[in-house]
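For the single chain, residues carry numbers from 1 onward in sequence order. The basis for the numbers below is simple: all heavy atoms, side chains too, and nothing from hydrogens, waters or symmetry mates. Order of appearance sets the numbers: ligands from 1, and atoms from 1 within every ligand.
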Amino acid sequence: MNQTDIKTFADMLARARRAVFFGGAGVSTESGVKDYRSKDGLYTTVKQYGVSPETILSHSFFFEHTDVFYDFYYKYFLSAEVRPNPAHIALAELEKRGILRSVVTQNIDGLHQAAGSRTVRELHGTVMRYHCCDCGEEFSVDDVKKARGEIPHCRSCGGIIKPDVVLYEEPLDAQTLTDAIRDIASADLLIIGGTSMTVYPAAGLVQYFQGDSIVLINRDETPYDSAASLVFRDKIGEVMSTALTLLDVRC
Ligand SMILES: [Zn+2]
């Protein structure tokens, strides 16, 4: 990690009052969350189910092949025990200190809230909440885990339970999008982490940022590297926790 850059990052954080963190899958892979978009995930899925993860996680597939959907969904999103990593923990701490306004995430694992973050804009929804397709009753992730990959049914009406996850073919939640745009448009520092910035709506959202400094933390190059004041190619957990430590030394 570049020592000058990480000190500069800590200085930026020290001045920020409305920073926003925009994060993608790379934030969660450091917690051991399986990335179904990775080559391995894709290969295994196509071999096992005969279709791509994007097809399984689509609105039409959910209703046409609910049993296959849940078999895949349980394996990829519910079977492993995952915990917040140092990136999630540092971000929660920055919010507590009045530096970070919100986390805007493409992830659906609920790990930011598990680490203590309160204002989390979950663009693609969350695996932590569910509802009955027929009567609308809400269910927790623990209710659905009990089905162990079988189709979970509503205890009130017997209807099929659906995750509050934005599936392919479904629109993003309008309120969540509005909140994310407002946060980014009024942010004084934008930290982008663990995303290639190529998946919709990531690229579009960043256009709303009007502040001076973008800090980019990603292993691979992104189309936004040239727009960033600082670029880190290190692990996001290490960058965020080191910046937080340097911030403490300053105070
Ligand atoms: Zn119901």
Anything under 30° is parallel, anything over 60° is perpendicular, the rest tilted; go ahead and classify Phe232 against Phe9. tilted
Please determine, by modelled atom types, if Glu137 and Ser156 share a side-chain donor-acceptor pair under 3.5 angstrom. yes
Check: Thr8/Asp5 side-chain N/O donor and acceptor closer than 3.5 Å: no
Under a 4.0 Å N-O cut-off, is there an ion pair linking Asp11 with Lys7? no
Taking the six-membered ring for Trp, is the centroid-to-centroid distance between Tyr74 and Tyr70 below 6.0 Å? no
Are the aromatic rings of Phe61 and His65 close, with centres under 6.0 Å apart? yes
Please report the number of protein N, O or S atoms that lie less than 2.8 Å from the Zn ion (ligand 1). 4
